[in-house]
There are 2 protein chains.
Amino acid sequence: MSLRHALLGLLVDTEQNGYDLTRRFEQTLSGHAWSAGHSQIYPELKRMTADGLIEVVDEGSRGSKVYGVTPAGRDELRRWMFSPPGEAPARNEFVLRLFLLSSLDLPDLRVLAERMARTSDEQATELAGTIKEIEAATPAGQPHGYARFAAEFGRRWFELQRDWARWVLGELDDRPEAD
Amino acid sequence: MSLRHALLGLLVDTEQNGYDLTRRFEQTLSGHAWSAGHSQIYPELKRMTADGLIEVVDEGSRGSKVYGVTPAGRDELRRWMFSPPGEAPARNEFVLRLFLLSSLDLPDLRVLAERMARTSDEQATELAGTIKEIEAATPAGQPHGYARFAAEFGRRWFELQRDWARWVLGELDDRPEAD
DNA sequence: AAGCCCATGTAACTGGTTACATGATTCT
DNA sequence: AGAATCATGTAACCAGTTACATGGGCTT
């Protein structure tokens, strides 16, 4: 049950309500890591409260519940982080498309690989800009946090996509069929 | 519905039965791309047959059904490959753990990042060996297929994990708290 | 007062996993 | 003959998505 641990991780970082968690999910985790909508998050928060992993630490003006992690929740998150990985199978539609590229004929393959390389390069450039902003907003010598680590990962991921697509194009150009 | 397109892609590559498809899923797609068990695959094959995307092209000795892709199936696969990406949200437990690393205290973070770097390096080395085998089994000058492309992607992916984890460790060593 | 964002929830449905069930062939 | 592998299926359950529903507070 990764949703539970994702919520624990976000709440350890910052105490917040279900609405904020929904947006945080969308903004930071949804791209590469995990995804969940509010209709899944609210019931899970209730269950986690019942299980003693989190608790309501404050109530906002319009009846919102601000959650925080209990000691038991911290223990559970740590236990999960150290547990052997690979339990939940990975699902990534983009990677699936990559793996199925060879089901296309050569002209189609070229067009798609070129498109993938282009969009990945754009995304990498965009994230590089975001990273510069983070760096600028962080006083020199200060340690980076969560956001910087995640952004660095994302940048490298998009570069991988771009470079792999270019490598495929290079392989294709070496083929006898190439004109 | 990515399952459907994954099956189409595998069947375009090789006509095969549900049992083979289940193993292929496990071996080639399960790591980074997509995952499905036989209990999901068999009913989907029936539905795809009803929808005219695939058809039974042969029957094996013990009553197995060998499926092949119809022209309509090929069209559907191509349409999907060219359709705008990002419809299905990505889910990757490993990446989720990466993103939640900063919820740990510094000593824990170091231990985990070191472990991640080590196991990723082992996986990258293993895949590099697999690639050499593929290269050796392919006559010189011959084009590479599906397996070579996917393996190259996997290698780069594990290297990304390793390098990112090492980068995080480097960032941590620069911290004032570092001993 | 109207419209937007904040904030929480439930219901119906679809996709995916685990468990149950069965039988044929091949290998030892 | 017994065990392993091939081969297909269904049922019950859990996770995740889409749609429906409601109301408070803030801005213009």
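Small disclaimer: the values here were computed from a predicted structure and weren't measured. Below, chain A is the first sequence line, B the second, and so on; all start at residue 1.
Distance, A:Leu7 CG to C:dT8 P: 13 Å, rounded to whole Å. Look at CG on B:Asn17: it is 16 Å from C1' on C:dG23, rounded to the nearest Å. Rounded to whole Å, atom P of D:dT5 lies 16 Å from atom NE2 of B:His38. Protein atom CD1 of B:Ile41 is 14 Å distant from nucleotide atom P of C:dT18, rounded to whole Å. The distance from atom CG of A:Leu96 to atom P of C:dG15 is 16 Å, rounded to the nearest whole Å. In this structure, A:Gln16 atom CD and C:dC6 atom P are separated by 14 Å, rounded to whole Å. As rounded to whole Å, 13 Å separates atom P of C:dT14 from atom CZ of B:Arg4. Between A:Phe25 atom CZ and C:dT8 atom P there is a gap of 15 Å when expressed in whole angstrom units.
As judged by a 4.0 angstrom heavy-atom cut-off over every strand, B:Arg23 is placed among residues touching the sugar-phosphate backbone only. Residue contacts shown for B:Thr22 are absent, as no nucleic acid heavy atom lies under 4.0 Å away.
For A:Gly37 and A:Ser61, each mapped to the nucleotide of DNA chain D holding its nearest heavy atom, the one lying further toward the 5' end belongs to A:Gly37. Both A:Ser39 and A:Gly60 lie near DNA chain C, and the one whose nearest nucleotide falls closer to the 5' end is A:Gly60.
Candidate nucleotides D:dG16, C:dT8, C:dT26 were compared by shortest atom distance to the side chain of A:Ser64, and C:dT8 ranks first. Comparing D:dG16, D:dT8, C:dG15 by their nearest atom to the side chain of B:Met1 picks out C:dG15. Listed nucleotides D:dA7, C:dT8, D:dT17 differ in distance to B:Asp20; the shortest reach to its side chain belongs to D:dA7. Here the side chain of B:Tyr42 is nearest to one of C:dT17, D:dA7, C:dC6, namely D:dA7. Side-chain atoms of B:Arg62 lie closest to D:dA7 of the nucleotides D:dA19, C:dA7, D:dA7. In the set D:dG9, D:dT5, C:dA7, D:dT5 carries the atom at the smallest distance from any side-chain atom of B:Tyr19. Here C:dG9 is the nucleotide among D:dG9, C:dG9, C:dT18 with the atom lying nearest to any side-chain atom of A:Lys46. Set against C:dT26, C:dG15, D:dA15, the side chain of B:Gln40 has C:dG15 as its closest nucleotide.
Between B:His32 and A:Phe94, the ring center distance fails the sub-6.0 Å criterion.
Salt bridge status for B:Arg47 with B:Glu44: present, with a side-chain N to carboxylate O gap under 4.0 Å.
A side-chain donor-acceptor contact under 3.5 Å links B:Glu76 and B:His5.
At least one test fails for B:Arg155 against the ring of A:Trp164: distance under 6.0 Å to the centre or angle within 45° of the axis.
Put simply, the side chain of B:Gln16 gets close to the backbone of B:Thr14: a donor and an acceptor are under 3.5 Å apart. Using modelled atom types, no side-chain atom of B:Arg24 and backbone atom of B:Leu10 make a donor-acceptor pair closer than 3.5 Å.
Residue A:Lys65 places at least one side-chain N or O under 4.0 Å from the OP1 or OP2 atom of C:dG9. Listed pair B:Arg91 / D:dG16 meets the phosphate criterion, a side-chain N or O lying under 4.0 Å from OP1 or OP2.
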